[in-house]
Structures are given as structure tokens and as C-alpha cells.
Q: 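Sharing a structure with you now.
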Amino acid sequence: MTSKLQLYSFFMSSCSFRVRIALNLKGLDYEYKAINLFKNEQSHPEYLKMNPIGYVPALVDGDIVLADSFAIILYLEEKHPQHPLLPRDLAKKAINYQVANIVASSIQPLLALPVMNYIGENVGEDAKIQWVYKHAAKGFAAALEILLKDHAGKYATGDEIYLADLFLAPQIISLKERFNFDMSDYPLLSRLCEAYKQVPAIQKALPENQPDFPSTEGKI
Amino acid sequence: MEEENQAMKLYSHPMSSCSRRVRLALYLKGLKYECINITGVGDPELLKVNPMGYVPALVDGTTVVSDSYAILLYLEEKYPQHALLPQDIIKKSINYQAASIVSSSIQPLQNTTLVHYIGELVSPDEKLPWAQNHIRKGFVALEKLLANHAGKYATGDEIYLADLYLTFQLDNAINRFKLDMTEFPLLLKLYKVYCQTPSIQQIFAESSQQQIDKSLFNFTKPQEA
């Protein structure tokens, strides 16, 4: 008897968002376990006992505990091949890996909470926006708009949603929501963003549709 | 077929851990390639091939792949000899996790350009603590991740993807950033094994043969070489 998957997630975390989309696309039921990153719940002993590396998101599949969104998604891809997240064609597959890693290495880590807090404390609150623009812009303009120019269809690398979209959608949405990022210099990414908003699996995965999204108007 | 005989090209930076991972993979898989060293930003030859201007970038026939993680997974699928991923799904995912910890949580935050930028934005004295802090956080995670999986190498007795990432990150941590490794006995043990491994020694040797301005990579006291 297979037990239900569990996903440790934070509503606002773009890394968690990626995995939520993957689970939804593959039609996989899961139990949502909220970890509040603002309250540092990822460092609580109970969480660390289950997941020693303390990262969020984490997936629990029976005895197996996996962290890191890229690793989790590739695991799901191998174990649950329905609605493949990678195209068969190797060159197109490689584009998907590139997009995922441009987001996961060149953009998201530089915008993560600890880094933003450091900039706020050591440079100033105003510097945070400049920092975000510098790094996001570099990743978007320098890389993604160029890379996807010859590959995009309805979605990033064709007419199906693949790995690249799982990384792009949360990043674009997070930049717009958290930092009011102006996407007008990035026409292709803007177009993709509009397309993503229409996808049920992505809608269901949005921060505001998660059980731990604050229900009052107050921010956490 | 002519395509198979046409040598691959790798646009690479000799000191970059991202480039060195790929060079190690190519070496392990016995793949011939022309290594084109790029040390400046905006190199026109690189931009012609890869408009994004990133290194490493691999040219394999008509296919151009940039980003080391993407290149490694591409190579793994196209050239399966000397597998870089174990068959077992759990061990495989440990490799992905280790690679991601380095490529997302550590490397981008300790890369030279960013560290120098922190020096300008905050203070030159902040460069080293910044880099050490982020490396340390990632190493804490790696030490725990690999605790129940390491053999001679990170995830068993063969060199896999995780080792390609760890080798050069450890090299940076220990030699470039002088990180105190006392709390990372497993990682330190792995580093010592890597330094004794001929294929890895080969890549280290190739890097040190390049003529480049090494002062850019000196984050400790100014007078140290």
C-alpha cells in the first residue's frame, strides 16, 4: 500500500511552487505540510530530524526524504512518467535544463531571504530593489530572452509545459508580486507569464491558493 | 558519420569550478574536445557561438549547451560510457541534491564577480566573510546529506555527479577562501581522496598551467600570492 506523498512547502517559496506545479501536472495527490520560512521553522529540531539538511521544499515518499526542487522534480519524473516534464529530443531537453539552472543558480539564490536581509541590513532597504533588478535583469535579459527566442512556442520550449516552465513561472510571478518587477523589457517572458496564468496546474500551485497563505489582509 | 568525428568544443574558464566540472566529465568519458579558454567578459568568439556569453559552453555539432549542470546531463545521455549517475533512484537523487546544493546554494554566492561586487557594495572586508558564510552553510547541508551514503567517494565507491561538483567547490573553499574545515570531516576526507585521484589531478594540473591573473582570485590578505 503506497502512502500519500507529503510536501513540506512555504506558500511564498518559488522553489516550493515549482514542485507544486510538477505534482499537479502529474496528477499526484499530496499532503501539504507548511514550513514558515519567516519564522525559521526549517531550523526546528522536528523538521531537521526528518530532513537533516533543513531545506524547503522537501518531499516525503514513504521512507524516502528528498530536498531541492530540481532533485525532487527529476525524481518525480522518473517515478511517475505521466505528463512528462522533459521532451524526448535531447537538444530541447538540454534547453530545459539550461533554463531551470539559470533560474535556480543565477536568479533565485540571489533573491533568497537571507541574502535580501543581508543587503537590507548592510546596505539599506532601498538597495534591495536595485539588487533584485541587477540580478534578475541579468538572468532574464542576458540569458532567458536570448536563449528561448528560437525555441518558445505557446510555452518556453514548445507547445507543452516542461521543466523550463516549472522554473520560469514561479520566478516571474515571484518577481512581479514580491518586488513589483517591471517585465516590459522582456516581451517573451511577459507573454509566457500570461500563458502560465491560464494553466490550471499552475493556478492551483499559486502562493495565494496554498493552505498557509495568510488569510487576513495582514502580511506575515 | 561525420558528425561523430567532428570534435566538440568547450568554451571554458580555467579557474571556474563550473568549467572544471565539465572538463572532468569529458575526461572521464574519454571524449575529445577543443578547449577554448575565455578569460574576459563579452568575448566576441564566445558570443558568436553562445549569445548568452556564459561559460562553460559546449558545442557538439549543431548543438550548443551552456550551464554546467545542463552540459553534464546532456553528456550523460549522449555519451553513456563511464556513467555519472548511479542506476539506483535514491543514490541518483542524492547526486542531484549534492549537485544542486553546490550549484544553487554555494557557487553562485561565492563566485568571483559577486564577491568583488559585495566588496564594492558593502566593504572590502566583507568579501571573505560573505563567501565563507555561504560556503559554510552549504557544506553543513552536504556533510549531513552524504553522511549515510559516502563510500570512497561522495555517494559510493565510484566517481559520480556529486563528486564533480564537490571536488572544485572544496578546492575553492579550502585554497581560495581558507575555510576552516574542522566541522566537515567527511568533506575534508573526500577532498583528500580527490587530490589523490589521477583524473582529478589531471584537471587541477591543466588549470594551473593557464596564464591568467590569479590576483583576481585572492580573497585573503593582499600580500599573499
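Everything quoted here is computed from the prediction, not taken from an experiment. Reminder, nothing fancy here: chain letters follow the sequence lines and each chain counts from 1.
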Q: For residues Leu121(B) and Asn122(A), determine if any side-chain heavy atom of one lies less than 4.5 Å from a side-chain heavy atom of the other.
A: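 The answer is no, as the side chains (C-beta and beyond) never meet within the 4.5 Å cut-off.
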Q: Is the closest side-chain heavy-atom distance between Asp67(B) and Val99(A) below 4.5 Å?
A: no
Q: Is there a side-chain contact between Val115(A) and His134(B) in this structure, where contact means two heavy atoms from C-beta onward sitting under 4.5 Å apart?
A: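 Touching, per the 4.5 Å side-chain cut-off.
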Q: Can you sort out the partners of His80(A) under ring pair (Phe, Tyr, Trp, His ring centres under 6.0 Å), two or more places apart, ordered by chain and number?
A: none
Q: With chain A as the partner, which of Thr63(B), Val140(B), Leu114(B) has the greatest number of non-hydrogen pairs under 4.5 Å?
A: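 Top count of heavy-atom pairs under 4.5 Å with chain A: Leu114(B).
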Q: Counting heavy-atom pairs under 4.5 Å to chain B, which of Ser105(A), Gly54(A), Ala100(A) comes out on top?
A: Ser105(A)
Q: If we define contacts as heavy-atom pairs under 4.5 Å, which of Ala147(B), Ser68(B), Ala70(B), Ala99(B) has the most with chain A?
A: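 Between Ala147(B), Ser68(B), Ala70(B), Ala99(B), the count favours Ala70(B).
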Q: Can you tell me how far apart OH (Tyr74(B)) and CD1 (Ile95(A)) are? Round to the nearest 0.5 Å.
A: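 Those atoms lie 11.0 Å apart.
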Q: In terms of heavy-atom proximity below 4.5 Å to chain B, should Ile119(A) be classed as side chain, backbone, both, or neither?
A: side chain
Q: Does a side-chain heavy-atom distance below 4.5 Å link Tyr118(A) with Glu126(B)?
A: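 A side-chain contact under 4.5 Å exists here.
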Q: Taking the side chain as every heavy atom from C-beta outward, state whether Phe70(A) and Ser104(B) have any atom pair closer than 4.5 Å.
A: no
Q: Just wondering, are more than 12 heavy atoms of other shown residues or ligands nearer than 6.0 Å to NZ in Lys26(A)?
A: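 Yes, enclosed.
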Q: Which region of Ile64(A), side chain (C-beta onward) or backbone (N, CA, C, O), has a non-hydrogen atom less than 4.5 Å from a non-hydrogen atom of chain B, or is it both or neither?
A: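 Contact with chain B is through the side chain of Ile64(A) alone.
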Q: Counting neighbours of CD on Glu46(A) that are heavy atoms of other residues, nucleotides or ligands and sit closer than 6.0 Å, is the number greater than 12?
A: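 For Glu46(A), atom CD is not crowded (no more than 12 foreign heavy atoms under 6.0 Å).
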Q: Which bit of Lys134(A) comes within less than 4.5 Å of chain B, counting heavy atoms only: side chain, backbone, both or neither?
A: side chain
Q: Search all heavy atoms of Ala141(B) against all heavy atoms of Tyr55(A) and return the closest pair with its distance.
A: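 Smallest interatomic distance, heavy atoms only, reads CB-OH, 3.6 Å.
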Q: To the nearest 0.5 Å, what is the distance between CD1 on Ile53(A) and NZ on Lys137(B)?
A: 13.5 Å
Q: Say you draw a straight line from OH of Tyr54(B) to CG of Leu147(A); how long is it, rounded to the nearest 0.5 Å?
A: 9.5 Å
Q: About how many Å separate CG of Asp68(A) and OG of Ser103(B), when rounded to the nearest 0.5 Å?
A: 7.5 Å
Q: Can you check whether anything in residues 88-98 of chain B gets within less than 4.5 Å of chain A, heavy-atom wise, and list it by number?
A: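 Answer by number: Ile89(B), Ile90(B), Lys92(B), Ser93(B), Tyr96(B), Gln97(B).
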Q: Should Leu110(A) and Leu109(B) count as side-chain neighbours, where that means a heavy-atom distance under 4.5 Å?
A: yes
Q: Which value, rounded to the nearest 0.5 Å, describes the distance between Tyr97(A) atom OH and Ser66(B) atom OG?
A: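 The OG atom of Ser66(B) is 15.0 Å from OH of Tyr97(A), to the nearest 0.5 Å.
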Q: For Gln87(B), is the CD atom crowded, meaning more than 12 foreign heavy atoms sit under 6.0 Å from it?
A: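 Open.
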